[in-house]
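Step one of this worksheet: look at the structure below.
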Number of protein chains: 2
Amino acid sequence: MISEKNQDLKKAGLKATLPRIRILQLLETNKQRHLTAEDIYKALIDAGENVGLATVYRVLTQFEAAGLVTRHYFEGGLSVFELDEGSHHDHLVCTNCGKIVEFCDDELELRQQQVAKKHGFTIADHCLYIYGICRDCQNKL
Amino acid sequence: MISEKNQDLKKAGLKATLPRIRILQLLETNKQRHLTAEDIYKALIDAGENVGLATVYRVLTQFEAAGLVTRHYFEGGLSVFELDEGSHHDHLVCTNCGKIVEFCDDELELRQQQVAKKHGFTIADHCLYIYGICRDCQNKL
DNA sequence: GTATATGCAAAACTTTTGCATCCTT
DNA sequence: AAGGATGCAAAAGTTTTGCATATAC
């Protein structure tokens, strides 16, 4: 299983070092797909790995540059990292419980292209975060 | 002119103090509508005001709570503040020159409501940032 | 063996907080 | 006069950087 990650990393032009393999594994297997650098660092420490927070940031930055990972800047100035599995999507964020729902809507994508075109922009990227209260929290509150 | 701002501030339940008036003036008159706390602080210092950066943050936070100002978390983890003049809008950001174009598109707004509803969310807020290259930069590059 | 990556500690940034003093009402 | 607001300095939180050591190829 580690040899698979080796391949993934090498394809991305990165040496297959232990911290990189562990971080990649964690991102792939963790239930919560959106993690802060601190989350990842703590999880690795808890798992008995000897890793530095600085390395986590360095690795995540490299992963982002290599397109393996997407970095989001959520409200509150917090960054979360998410494995990029090729399929673009946007996010619904529950401001009460923190739940994140991913979705992708072709109509929204298309309309954004039209808006950008109208203003003379070539879209490189976009992010849409919809903040609200999820069903569960609505019932609880 | 200062007395007008007094009214605005009092309406918002805030005492009309000098730093608040100056910051409000700056947000209203500055060409660039999106400013960081640091930008505002520097502009006030340059204008000869004796103000602390902490006060700028405090005032902006109060303005945000009072609905006078909107805070955005852009890529890079940087916060920018913008006068809230009541009309919701989204942003096109040029990743080359930093230009920001505001727009509002009813179709996008409507579609977001539909998507949120489908997932059981009640929308409190949303932000859509489209990152790309503006017309001017496309011609230059 | 060589170059790159790592861990640790220290630094750089942004934002917040404590506290004595000042200003608005 | 009284309470809230301010400036300064120090603290807190996140992310980056320097450097000697360890690791992958």
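Throughout, protein chains are lettered first and strands after them, A, B, ... in sequence-line order, and every chain is numbered starting at 1. Bear in mind that the values here come from a model prediction, so they are computed numbers and not experimental data.
Separating the CG atom of A/Leu60 from the P atom of D/dT15 is a distance of 10 Å, rounded to the nearest angstrom. The CG atom of B/Leu53 sits 19 Å away from the P atom of D/dA5 (whole-angstrom rounding). Taking atom CD1 on B/Ile21 and atom C1' on C/dT24, their separation rounds to 10 Å, with Å as the unit. For the pair B/Gln62 CD and C/dT17 P, the interatomic distance rounds to 13 Å; values are reported in whole Å. Rounded to whole Å, atom C1' of C/dC23 lies 11 Å from atom CZ of B/Arg20. As rounded to whole Å, 14 Å separates atom P of C/dT14 from atom OH of A/Tyr73. Between the P atom of D/dT15 and the NE2 atom of A/His72 lies a distance of 14 Å, rounded to the nearest Å. Taking atom CG of A/Leu9 as the reference point, atom P of C/dA5 lies 11 Å away to the nearest angstrom.
B/Val69 and B/Leu24 fall within the same hydrophobic cluster, defined by Ile, Leu, Val, Met, Phe, Trp and Tyr side-chain heavy atoms under 4.5 Å apart, directly or through other members. Hydrophobic clustering, with ILVMFWY side chains joined whenever heavy atoms are under 4.5 angstrom apart, groups B/Leu14 together with B/Phe81. In the hydrophobic clustering of ILVMFWY residues, with side-chain heavy atoms under 4.5 Å counting as a link, A/Ile45 and A/Leu27 come out together.
At a non-hydrogen distance threshold of 4.0 Å, nothing from residues 30-48 of chain B comes into contact with DNA chain C.
Of the side-chain N and O atoms in A/Tyr57, none sit less than 4.0 angstrom from OP1 or OP2 of D/dT16. One finds a side-chain N or O of A/Lys10 lying less than 4.0 angstrom from the OP1 or OP2 phosphate oxygen of D/dC25. Side-chain nitrogen and oxygen atoms of B/Ser79 include at least one within less than 4.0 Å of the OP1 or OP2 phosphate oxygen of C/dT15. Side-chain N/O atoms of A/Asn50 include none lying less than 4.0 angstrom from OP1 or OP2 on D/dA22. OP1 or OP2 of C/dT6 has at least one side-chain nitrogen or oxygen of A/Thr17 nearer than 4.0 Å. For the OP1/OP2 pair of C/dT15 and a distance below 4.0 Å, the side-chain nitrogens and oxygens of B/Arg71 include at least one atom meeting the criterion.
The residue among B/Ala54 and B/Leu14 whose nearest nucleotide of DNA chain C lies closer to the 5′ end is B/Ala54. When the nearest nucleotides of DNA chain C are assigned to B/Thr61 and B/Lys15 by heavy-atom distance, the more 5′-ward of the two goes with B/Thr61.
If you check the side chains of B/Glu64 and B/Thr70, you find no donor sitting under 3.5 Å from an acceptor.
Ring-plane geometry between B/Tyr131 and B/Tyr129 is classed as tilted, the angle between the planes lying from 30 to 60 degrees on a 0 to 90 degree scale. Relative ring orientation between A/His91 and A/His72 is described as perpendicular, the plane-to-plane angle rising above 60° on a 0-90° scale split at 30° and 60°.
On a pure distance criterion of 3.5 Å, a polar donor-acceptor pair joins the side chain of B/Arg58 and the base of D/dG7.
With salt bridges taken as basic N to acidic carboxylate O contacts below 4.0 Å, one links B/Glu102 and B/Arg33.
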